[in-house]
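Every heavy atom of this structure was used, including side-chain atoms; hydrogens, water molecules and symmetry mates were not. Naming: A, B, ... by sequence-line order, numbering from 1 per chain.
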Protein chains: 2
Amino acid sequence: MPGEQDKPERISDAEYAVMEALWLRSPLTALEVCDEVCEKRDWSLATVKTLLSRLVVKQAVSTVPDGRRFLYSPLIERAEYAGSESRRLVDRLFGGRAAPLFAQLAEAEALTESDISEIEALLKELRK
Amino acid sequence: MPGEQDKPERISDAEYAVMEALWLRSPLTALEVCDEVCEKRDWSLATVKTLLSRLVVKQAVSTVPDGRRFLYSPLIERAEYAGSESRRLVDRLFGGRAAPLFAQLAEAEALTESDISEIEALLKELRK
DNA sequence: TTTTGAAGTCTACAGATGTAGTCATTATGA
DNA sequence: TCATAATGACTACATCTGTAGACTTCAAAA
C-alpha cells in the first residue's frame, strides 16, 4: 500500500550515541562503532551490537553485508533528527514558539557572546 | 551531611503533563489534576494518582495534608524545568551552542514572523 | 449508625531502555 | 586442515514508563 511511512520510532539516549558515531563517519562495522564510543561511555562491544540492532529495527540505521559481517550506515540524517527533536522540545515546553525558548536560554545565561552574534546574523539573513 | 542535593531525577512525558496542570494552578487535589488532564490524555484517575506519587518520590511535587487527602504543589518551577531541558537538548544535539539550534529551527521553518521579532527585541535588550 | 464515596497505597503488567553474556557460524591464518 | 577470532543472533535482566485495577481507610450523607 502507498504512504508506507510508519512514524519514526524515537531514538533513545544510548542509541543516539551510536548514531553520533555513524554521523561522524560511515559505513562502520560494529567494532569500529565501539572504537568510537565504548571507551567514552564505558560500554562493552555487546552493548554496541545490541544498540545497532535496535536501530536497524527502528529503521534509523541500514546495513550492507560485507562478507559475514555488516557495515552500518545512518538512515536518518543528523539534521533531520536534530530538527525533529528541537521542534519536539519547543512544542512541549514553549507551546511551539521559539521566542520563549530563546528567552529561557538568555535568562539561564546559556548564550555565549558568539551565539548572540550568530543568531543576530541569522535573523538578519531571514529578514532579507 | 551538607550538600544534600541528589541530582533531580528526570520527569517523564506523562509526568510532565501532570506538572503542567500544577503549574497552571496549585495546590490541587488528585481529582482536580484529573479534571485538568484526564480527558485530554484519556487517562483514568488511577493513572493520575500513580503519576503524582511518582512525582512525589522524585521530589518534583510536594504534598500538604488536607484532612484525609493531599493537596499537591510543584516543587520545581516551570522555568527551572524548561531551562534544564533546553540546555540538555542544546548540549546533546548542538555541542552546547545555542546558535545552531536556531539555525536548525530556521531551516525547519519553525520560526514565525513574531518569533523573529521577539528574538530581535531580546537581542537588543541583551546588547545593552 | 450504616452505607457510600473519595483518597492514598499497593500491586500489576506490558513495553522501552541500559547493559551485557552466550552461542553458533564462518572466514582466516597457521 | 584446524584452531581461532570475529560477528550477528538470541537471551537476560533490572529499571523506567505508561496505564490502571484492587484494597483499605475514613469522613460524610442518609
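- Between the base of D/dT15 and the side chain of B/R10 there is no donor-acceptor pair shorter than 3.5 Å.
- Counted within 6.0 Å of CD on A/E80, heavy atoms from surrounding residues, nucleotides or ligands total more than 12; the atom is thus considered enclosed.
- The CG atom of A/L93 lies 8.5 Å from the CG atom of A/L101; values are rounded to the nearest 0.5 Å.
- Partner of A/Y72 under the side-chain contact (heavy atoms from CB on, under 4.5 Å) criterion, out of A/V64, A/T29, A/V56: A/V56 alone.
- Counting only heavy atoms from C-beta on, A/S12 has its side chain closest to C/dG18 among C/dT19, C/dG8, C/dG18.
- Closest contact between the side chain of A/R54 and the listed nucleotides D/dG18, C/dG21, D/dA12 involves D/dA12.
- Between the side chains of A/S12 and A/R54, no donor N or O sits under 3.5 Å from an acceptor N or O.
- Following rounding to the nearest Å, B/L55 (CG) and D/dT17 (C1') show an atom-to-atom distance of 12 Å.
- Look at CZ on B/F70: it is 15 Å from P on D/dT25, rounded to the nearest Å.
- Straight-line distance from the CG atom of B/L71 to the C1' atom of C/dG8: 13 Å, rounded to whole Å.
- Here the P atom of nucleotide C/dT17 and the CD1 atom of A/I11 are 10 Å apart, to the nearest Å.
- In the set D/dG21, C/dT19, D/dT19, C/dT19 carries the atom at the smallest distance from any side-chain atom of A/L51.
- Counting any heavy atom pair closer than 4.0 Å across all strands shown, A/Y16 reaches no nucleic acid atom.
- Regarding B/W43, its CH2 atom lies at a distance of 8 Å from the C1' atom of D/dG18, rounded to whole Å.
- Every residue two or more places apart in sequence or in another chain that forms a side-chain hydrogen bond (donor to acceptor under 3.5 Å, both in side chains) with A/K58 is listed here: A/E15.
- For A/D13 and A/G67, each mapped to the nucleotide of DNA chain C holding its nearest heavy atom, the one lying further toward the 5' end belongs to A/D13.
- When heavy atoms are screened at a 4.0 angstrom cut-off, B/T50 is found touching base atoms of the nucleic acid.
- Under the 3.5 Å distance criterion, the side-chain polar atoms of B/D115 are left unmatched by any main-chain donor or acceptor of A/R97.
- The CG atom of A/D66 sits 16 Å away from the P atom of C/dT26 (whole-angstrom rounding).
- Atom P of nucleotide C/dG18 and atom CG of A/D42 are separated by 15 Å, given to the nearest angstrom.
- Remark: A/R41 pairs with no residue by the salt bridge (charged side-chain N to carboxylate O under 4.0 Å, His left out) rule, at least two apart or across chains.
- Of the residues in residues 28-41 of chain B, those placing a heavy atom less than 4.0 Å from an atom of DNA chain C are B/A30, B/L31, in numerical order.
- Atom CD of A/E9 is separated from atom P of C/dA16 by 7 Å (rounded to the nearest Å).
- Of the candidate nucleotides C/dT17, C/dA20, C/dA7, C/dA7 has the atom nearest to the side chain of B/K49.
- At a threshold of 4.0 angstrom between heavy atoms, the contacts of B/T47 include nucleobase atoms, whether or not backbone atoms are also involved.
- Aromatic ring orientation, A/W23 versus A/Y81: tilted (interplanar angle from 30° to 60°).
- At C/dA7, one or more side-chain N or O atoms of B/R69 fall inside 4.0 Å of OP1 or OP2 (strictly under the cut-off).
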